[in-house]
Structure formats: C-alpha cells, structure tokens
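Predicted model only: the values in this text are computed from it and were never measured. To find a chain, count down the sequence lines: A is the first, B the second, and so on, and within it residues start at 1.
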Amino acid sequence: MDFSIRAANVEDCKDIARMITELAEYEKMADHVKVTQRDLEQDGFSKNPFFHGIMAEVPEQHKTKEGHTKIGYALYFYSYSSWKGRAVYMEDLYVMPEFRGKGIGKALMSKVAQLGLAAGCNQLNFTVLDWNKSSLDFYLSQGCFDVTANMGYHCMRCEGEALEHLAQP
Amino acid sequence: MNFKIRAAKKEDCKDISRMIMELAVYVKMPDQVKISHEELQRDGFCQNPFFECLVAEIPEEHKSKEGFTVVGYALYFYTYSTWKGSTVYLEDLYVMSEFRGNGIGTGLLSKVAEVAKKKKQCVQLQLSVFDWNTPSRDFYAAKGAQDLTDTEGWHFIRFDGQNLDNLANEAPKD
C-alpha cells in the first residue's frame, strides 16, 4: 500500500489528538489522557515547541470508513544523557489497526531515528508496557535493548500533590 | 551545613563532569561515560540547550579534602507527555558522599520542581533509578514518587550504536 511520511503541521493536531486517544485505549489507559487538540497546537507549534511530530498518510482511495487519510504518527523530542550526550525520545508511535503490517510503523520510527542522528543524537529512547508483547516483539526485532529487563532501570514519576509539595520554595 | 543551590554556569562544567563520573562509579558503570565537560558546555549553554543544570555550593571553610566547593548537581530537561502535557525529566541528581544527609539532595530536587513549574508549568517530574539502588528508591518514594515500572509495567527501551544507524538507514527517502 502506498503511504507517505511527512513532518506534522498545526492542522494535523485534530487527527493527532484522535490517535492519541486511540493509542491510550489500546494501552488500556484512556482515562489518563488530559491533553486536548488545543494543547497540542500550543505546545507543538509555538516558538519553542515541546515536541515534534511525523505523520503517516494514505491516498484518498485508501481512506478509512470515517474518511481519515492520516492514519499514523510519531511524536518525539530531544533529550540528554549525562553519559552519552544528545538523545532523542520517542513519546508516541501509533498506526491505526487496519493499516498495520505494511511497514508504516517502521517507516515512522526510522524517520525519527534519521532526524535524531542528523541532530547529533546517539540514542533513541522510549517506553513500552511489559504486557504489550506485539509492540515489544516489533521493537526487539528492530534491534533495540530493553534497559529495564537487562539493567533493572525503573521509571519513576512525581505528580499532583507530591509535585506541588516538592516545588514549595 | 550552609549550602546554596544556583543555576550552573558554563564554568561549572568541569565540576559537573567530575561528579557525573562519581555518579557513574556509584551506579557501577564508569566505563559508560563517553562525554566530557566540552560536550556539556556545547550542549547546555548554546542557544537551544539540550538540558539545564543546578549546582549545590558550600562555603570555602567546608570544602572537600580535594578542595571542591561545588558538591552536588541536578541535570534535567523538559519533555512532553501526550497524556498529561509539560513534564520535566531529572536525568541526574547527585551529592558527593561526604556531604549527604544535610538536605542538599532534597534542596536540588525541590529546586528542579520549582523551576520547572514556574518556567514551563510542568505537571510531572520523571526520572529513572536502578532497582538495586535502595537508598535512592527510598529517597524518591519518601517524596511521593510512584514506581511506574512496578505499578504499571513500563519498560525503558533504547536503540544505540549500529542498531540505531541501521534503523535510520531504512527511513523513507523524502
């Protein structure tokens, strides 16, 4: 199937918001999503964006029954390793179920890797849920390394009241 | 003990680099450190820095036996959660062993949270810790951090070296 990969623009935020919700549902965490289309527009397309996006699009003749041609996306931003230097973090990678198995996910991820290398990064990092076997198998088949399984790295978070309390001057 | 937390300056990079190595030794991975103070200067003090850093300083009369007065640091950067929004990621938090137990680590962590809230309205602070590192896990748990690997099953995944090059080479041509 023919598809194209391109940089996201502000008009894509409606579709990105839609697919963020679809991804959260897939991960069984739909109630965790607080970010709206408007937040994405402000946070991703202002002077100092928090993230960058890549879109996967199919031609009109392959659109979904609801009429969508934007059928996958990747969101990423630059991060830093105090040991290795510049890195890129892929926050989301998603392809709508009816378009999977056609190399679209791989193409999106490769594009993030390519852009990261061009920016001088030497790591591409992301997270995946341990029960998500199909995603984990996909990533492992591409040559990644599970830092949690192999080195015991645990992801931690402070939010809500705990963060408020911490931020008291 | 009297100490001051302040934003790092370019001139602090030699001390930060020294302490990055001390932290790597503490987590038993000194051979993993590949960057020096030069990369830190380039990447942390350019027009669009990759990270920000705070340092903890003590008065001359308390300096370490080697003569250091910069005795701790926190290195962090801003990230994004498509679920929650603006987030700060704490890449490193370190206090030299002889200065621990004086509230310096807490001071650095709190300052990161305060700065992130003020500057970027961050709603989350994230970090990683090794599962065997009980003192650090206890420190963060006491501050209200949740272990997302334990509670939700998140695994941290990485591409680097030849695997990253191979992945990038397969990107569609523009």
Side-chain angles (χ1 to χ4, degrees), chain A residues 5 20 24 29 32-35 39 43 50-51 75 77-86 89 91-92 106-107 109-111 113-114 117 122-131 139 142-149 151-159 161-163 165-169, chain B residues 20 23-24 29 32-35 39 43 50-51 75 77-86 89 91-92 109-110 113-114 116-117 123-132 137 140 143-150 152-160 163-168 170-172:
Chain A
I5 304 287
I20 284 171
M29 299 200 191
H32 284 234
V33 181
K34 309 290 177 216
V35 162
D39 293 325
D43 297 338
F50 276 87
F51 63 85
L75 279 200
F77 42 78
Y78 296 104
S79 61
Y80 206 74
S81 156
S82 51
W83 292 356
K84 305 282 169 64
R86 298 178 189 182
Y89 187 88
E91 166 66 11
D92 282 359
K106 167 80 185 281
M109 190 164 69
S110 290
K111 194 68 189 171
Q114 185 193 52
L117 281 176
N122 48 49
Q123 285 181 351
L124 164 62
N125 296 313
F126 51 97
T127 56
V128 72
L129 287 158
D130 60 3
W131 56 258
Y139 295 127
Q142 302 301 314
C144 71
F145 175 74
D146 185 334
V147 186
T148 296
M151 289 166 57
Y153 226 40
H154 279 222
C155 308
M156 313 283 291
R157 173 191 299 150
C158 244
E159 60 180 343
E161 260 187 57
L163 184 60
H165 190 252
L166 208 51
Q168 305 284 334
Chain B
I20 284 172
L23 175 51
M29 299 194 190
Q32 294 295 312
V33 180
K34 305 295 181 205
I35 63 167
E39 281 89 350
D43 296 336
F50 280 80
F51 65 86
L75 195 149
F77 45 83
Y78 302 107
T79 65
Y80 198 74
S81 154
T82 43
W83 295 355
K84 306 275 176 70
S86 176
Y89 187 86
E91 166 69 9
D92 283 358
L109 179 60
S110 291
E114 187 194 35
K117 195 179 164 197
V123 294
Q124 293 185 131
L125 182 149
Q126 299 194 163
L127 56 114
S128 303
V129 69
F130 287 108
D131 57 3
W132 54 260
R137 287 182 84 177
Y140 293 120
K143 305 277 185 256
Q146 309 152 55
D147 185 327
L148 302 175
T149 296
D150 276 349
E152 294 177 10
W154 288 102
H155 277 224
F156 195 79
I157 310 285
R158 172 177 297 150
F159 276 95
D160 59 11
N163 294 311
L164 181 60
D165 287 343
N166 292 342
L167 187 62
E170 290 161 20

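Between Gln114(A) and Glu170(B), the side chains place no donor N or O within less than 3.5 Å of an acceptor N or O (distance only, hydrogens not considered). Between the side chains of Arg157(A) and Gln124(B), at least one donor-acceptor pair of N or O atoms lies under 3.5 Å.
Only the side chain of Tyr89(A) comes within contact range of chain B, with at least one heavy atom under 4.5 Å from a heavy atom of that chain. Proximity to chain A is limited to the side chain of Phe51(B), based on heavy atoms less than 4.5 angstrom apart. Both the backbone and the side chain of Tyr80(A) come within contact range of chain B, judged by heavy atoms closer than 4.5 Å. Neither the backbone nor the side chain of Asn166(B) comes within contact range of chain A; no heavy atom of the residue lies under 4.5 Å from a heavy atom of that chain. Residue Tyr140(B) touches chain A through its side chain alone, counting heavy-atom pairs closer than 4.5 Å. Heavy atoms of Lys84(B) lying under 4.5 Å from chain A belong to its backbone as well as its side chain. Residue contact with chain B, scored on non-hydrogen atoms closer than 4.5 Å, involves the backbone and the side chain of Asp146(A) alike. Heavy atoms of Val123(B) lying under 4.5 Å from chain A belong exclusively to its backbone. For Leu129(A), the parts lying near chain B are the backbone and the side chain together; criterion is any non-hydrogen pair under 4.5 Å.
With hydrogens and angles ignored, the 3.5 Å screen pairs a side-chain donor or acceptor of Glu91(A) with a backbone N or O of Thr82(B). A donor-acceptor distance shorter than 3.5 angstrom exists from the side chain of Ser110(A) to the backbone of Leu167(B), with no hydrogens or angles considered. Without hydrogens or angle criteria, Thr149(B) side chain to Cys155(A) main chain gives a donor-acceptor distance under 3.5 Å.
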Handout entry: CA sep, side-chain torsions, deciding dist, call: Trp83(B), Lys34(A), side-chain contact (heavy atoms from CB on, under 4.5 Å)
Key = CA-CA 5 Å; Trp83(B) 295 355; Lys34(A) 309 290 177 216; over 6 Å; no
Exercise for the section: Determine, step by step, whether Met29(A) and Glu152(B) satisfy the side-chain contact (heavy atoms from CB on, under 4.5 Å) criterion, reporting the C-alpha distance in whole Å, the side-chain angles of both residues, the deciding distance to 0.1 Å, and the verdict. Expected result: CA-CA 10 Å; Met29(A) 299 200 191; Glu152(B) 294 177 10; 3.8 Å; yes
Problem - Criterion side-chain contact (heavy atoms from CB on, under 4.5 Å) on Ile157(B) and Val147(A), from CA distance to verdict - result: CA-CA 6 Å; Ile157(B) 310 285; Val147(A) 186; over 6 Å; no
Exercise for the section: For Gln168(A) and Glu114(B), run side-chain hydrogen bond (donor to acceptor under 3.5 Å, both in side chains): C-alpha distance rounded to whole Å, both residues' side-chain angles, the deciding distance at 0.1 Å, then the answer. Expected result: CA-CA 7 Å; Gln168(A) 305 284 334; Glu114(B) 187 194 35; over 6 Å; no
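For the side-chain hydrogen bond (donor to acceptor under 3.5 Å, both in side chains) test, residues two or more places apart in sequence or in another chain that qualify with Asp147(B) are His154(A), Arg137(B). Applying the salt bridge (charged side-chain N to carboxylate O under 4.0 Å, His left out) criterion to Lys84(A), with sequence neighbours excluded, gives no partner residue.
Classification of the Tyr80(B)-Phe51(A) ring pair by plane angle, with boundaries at 30° and 60°, yields tilted.
Put simply, the side chain of Phe126(A) reaches to within 4.5 Å of the side chain of Phe159(B), judged on heavy atoms. Between Gln146(B) and Glu159(A), the closest side-chain pair of non-hydrogen atoms falls below 4.5 Å. Between Leu164(B) and Gln123(A) the shortest side-chain heavy-atom distance does not fall below 4.5 Å.
Atom NE2 of His32(A) is surrounded by more than 12 heavy atoms from other residues, nucleotides or ligands within 6.0 Å.
Atoms OH and CE, from Tyr89(B) and Met156(A) in turn, are 10.5 Å apart once rounded to the nearest 0.5 Å. Atom CH2 of residue Trp83(A) and atom CG of residue Asp92(B) lie 8.0 Å apart, to the nearest 0.5 angstrom. Rounded to the nearest 0.5 Å, atoms CG (Leu163(A)) and NZ (Lys143(B)) are 13.5 Å apart.
When every heavy atom of Gly144(B) is checked against every heavy atom of Cys158(A), the shortest pair comes out as C-SG, 4.0 Å. The two residues Phe50(B) and Ser79(A) come nearest to each other via the heavy atoms CD2-O, 3.6 Å. Here the shortest heavy-atom pairing between His155(B) and Thr148(A) reads CA-OG1, 3.5 Å. In terms of heavy atoms, Asn125(A) sits closest to Arg158(B) at OD1-NE, 2.9 Å.
Ranked by heavy-atom pairs shorter than 4.5 Å toward chain B, the options Ala149(A), Gly152(A), Ser81(A) are led by Gly152(A). Comparing Ala113(A), Ala24(A), Gly85(A) by how many heavy-atom pairs each has under 4.5 Å with chain B, the most go to Ala113(A). Taking chain B as the reference chain and counting heavy-atom pairs below 4.5 Å, the highest number among Leu117(A), Asp39(A), Ile5(A) is found for Leu117(A). Most heavy-atom pairs under 4.5 Å with chain A: of the set Asp131(B), Val33(B), Leu23(B), this distinction falls to Asp131(B). Contact tally against chain A (heavy-atom pairs below 4.5 Å) for Asp165(B), Ile35(B), Leu109(B), Asp150(B): the top residue is Ile35(B). Chain A forms the most heavy-atom pairs under 4.5 Å with one residue out of Ala116(B), Gly85(B), Ala24(B), and that residue is Ala24(B). Residue with the most contacts toward chain A among Ile20(B), Asp160(B), Leu75(B): Ile20(B) (heavy-atom pairs, distance under 4.5 Å).
Checked against a 6.0 Å centroid threshold, the rings of Tyr153(A) and Phe156(B) count as neighbours.
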